[in-house]
Amino acid sequence: MGSQEEVSAASLLREYLRDLASRGERKDGRAMDEMRPIEIRSGLFTKGEGEAWLSLGDTQVLVGVKVDVGTPFPDTPNKGVLMTNTELLPIASPTFEPGPPNEDAVEMARLVDRAFRGSNAIDFEELVIKEGQLVYLVMVDMYALDHDGNLVDALELASLLALKRTNVPKVVVREDGGVTPSGDFFPLPVRETPISFSFAKIAGRLMLDPSLEEEVAADALMTMVVDSQGRVCSFQKRTGAFAPEEIKRALSIAREKWPQVAERLGLLEG
Amino acid sequence: MKMPIYLQEPPEILITPEGVRTDGRGPHDLRPIKMTVGVLNRADGSAYVEWGGNRILAAVYGPREVHPKHLTLPDRALVRCRYNMAPFSTEERKRPGPDRRSIELSKVIREALLPAIFVDKYPGTVIDIFVEIIRSDAGTRCAGTTAASLALADAGIAMRGLVTALAVGRVGDWIVMDPNHDEDMYGDVDVPVAFLMEDKEITLLQLDGPLTEDEFNEALDLAMKGADLVYEMQKEALRRPYLVVERSVAGRES
């Protein structure tokens, strides 16, 4: 626990945010259903086959996708493999410490994993090189660089962008069973655009894309992933409790916001 | 279960008799370098450095309370450093977490920076330095040290001066500045050096491979020349945010 001063500062902030929320206001002046601005940084930052450096307000994340070749899981011999990993780097927040992923990091990685599985976004059958023996392994490494709240949505958006940008190196199978890169590439088959929306509840009001202060003051948090057809592809009640009506209302907000975010990411087709 | 799909083939020749290197540089040229400070919002100080194909983020937190408490030094600041490579920083995905190499590099980077920091100004606190390699392309410890020194300055930590690091090396008969990836992999000798630029003291020096005394002296002299150039870029990067403010203030007056 923090010092006495920190505890009372946190409770003062909570009171203030509750007071604002009850009047339908937020500390940074946003509307309840308004996300912070999304910026995509251009440049070459990693050695990944796909990458994205994205900021959501003052939150910044970097996602790199690496592709390798390996054996499929025994129960899915005709499918490629997706792996997600989140690193809450100590550079991102004074409260993050070096070490293996903690439960928050693991939850975020699994949330993003489910966003892509739940939406059947990736055509895993196209990632088979030799059925039952050789498939592509797609490894999504998510780096939190700057934590000002709602890391989950930032990481999911950046992962979506990085996967959509991923070019898979084609390989040829040698006689000895090994593989050699052919020099050609094909775009990773990403068929859907699952987008993550997180909500905080403060004093009975739902707010989209909570800032760090709002997350700290929140009575409850939830994250849902919606696809291009407005279907819910994954859902995670995180902290606290929600009434069914609140969850339904949040979903309708997420469905309404989907085109806006997809367009901002340059992923709105047609 | 995993099979790497990235084949590395050594180049036929690392340096021509005329001294042209695999990336077209002459023996005494640096790679292109770009530096920016204050790139992160939460950290007390930060810097982003592009150095050839390297991409490095450095962040500093502190001086702050020490956790765990028993590490507290009553008369000076504790300085910790963590050098870490991102899984996507290498051709083949790097397993997350520290390995022997990154533990050693964390130590030598900390020891390269420590002589520059007025630790006795901050008794009982910790200064945490984080060096994140997001793309690696030879010379990450030096680029990382250079970036970390900027992040310390950006955090407003009292220092004797900036620390500037770069590597020199030997490729065949040539002593070269700032070895690239090919030279790092297939060259003969790699010599990372860091200088406390204020009084030109060496705070990091490592070496692997044989150098004659003449070559060794030549390498150190070349490193000093390179450091002078990098040092100017560091100062310019630190000055830049203030110049922007100055221009905007001047713009408002006119």
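Within every chain, numbering begins at 1; the chains are lettered A, B, ... in the order of the sequence lines, protein sequences first and strands thereafter.
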- Message: Quick one, B:Val79 and B:Ile117 - any side-chain contact, counting heavy atoms below 4.5 Å?
- Response: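 In short, these two side chains touch, coming nearer than 4.5 Å.
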- List the steps and the verdict of salt bridge (Lys or Arg N to Asp or Glu O under 4.0 Å) for B:Glu65 and B:Lys69. CA-CA 8 Å; B:Glu65 225 175 294; B:Lys69 276 208 158 56; 3.5 Å; yes
- Task: Pick whichever of A:Val171, A:Asp148, A:Val67 has the most heavy-atom pairs under 4.5 Å with chain B.
- Result: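 That would be A:Val67.
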Is chain B contacted by the side chain of [X], its backbone, both, or neither, given a heavy-atom distance below 4.5 Å?
X: A:Lys47; value: both
X: A:Glu49; value: side chain
X: A:Leu89; value: side chain
X: A:Pro100; value: neither

- Message: I'd like to know which of B:Gly62, B:Gly53, B:Ser136, B:Ala58 tops the heavy-atom pair count under 4.5 Å against chain A.
- Response: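 Counting heavy-atom pairs under 4.5 Å, the top option is B:Ser136.
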- Message: Between B:Gly97, B:Ala43, B:Pro87, who has the most heavy-atom pairs with chain A when the cutoff is under 4.5 Å?
- Response: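 Heavy-atom pair counts peak at B:Pro87.
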- B:Leu57 versus chain A, the contacting section by heavy-atom distance below 4.5 Å: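 Contact with chain A: side chain only.
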- chain A contact via B:Asn84 - which portion, at a heavy-atom distance below 4.5 Å: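 Answer is side chain: those atoms of B:Asn84 sit under 4.5 Å from chain A.
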Any salt bridge linking [X] with [Y]? Criterion: basic side-chain nitrogen under 4.0 Å from a carboxylate oxygen.
X: B:Arg64; Y: B:Asp128; result: yes
X: B:Glu132; Y: B:Arg82; result: yes
X: B:Arg100; Y: B:Glu104; result: no

- Out of A:Leu188, A:Val135, A:Val81, A:Leu82, which residue meets the side-chain contact (heavy atoms from CB on, under 4.5 Å) rule with A:Leu127?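 Checked A:Leu188, A:Val135, A:Val81, A:Leu82 against A:Leu127; only one passes side-chain contact (heavy atoms from CB on, under 4.5 Å): A:Leu188.
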- Message: When you measure from the centre of the six-membered ring of B:Tyr186, is the NZ or CZ of B:Arg21 closer than 6.0 Å and no more than 45° off the axis?
- Response: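 B:Arg21 over B:Tyr186 ring: no.
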- Do any N or O atoms from the side chain of B:Asp154 and from the backbone of B:Ser46 form a donor-acceptor pair under 3.5 angstrom?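 Yes, the answer is positive, given that a donor and an acceptor are paired below the 3.5 Å cut-off.
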- Message: Report, in residue-number order, which members of residues 208-215 of chain A are under 4.5 Å from chain B by heavy-atom distance.
- Response: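 Residues A:Leu212 are the ones that qualify, each having a heavy atom under 4.5 Å from chain B.
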- Task: Step by step, work out the salt bridge (Lys or Arg N to Asp or Glu O under 4.0 Å) result for B:Lys235 and B:Glu232.
- Result: CA-CA 5 Å; B:Lys235 287 192 287 186; B:Glu232 288 308 313; 3.2 Å; yes
- Message: Can you confirm whether the side chains of A:Glu87 and A:Asn85 place a donor and an acceptor under 3.5 Å from each other?
- Response: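 A:Asn85 and A:Glu87 do have a side-chain donor-acceptor pair below 3.5 Å.
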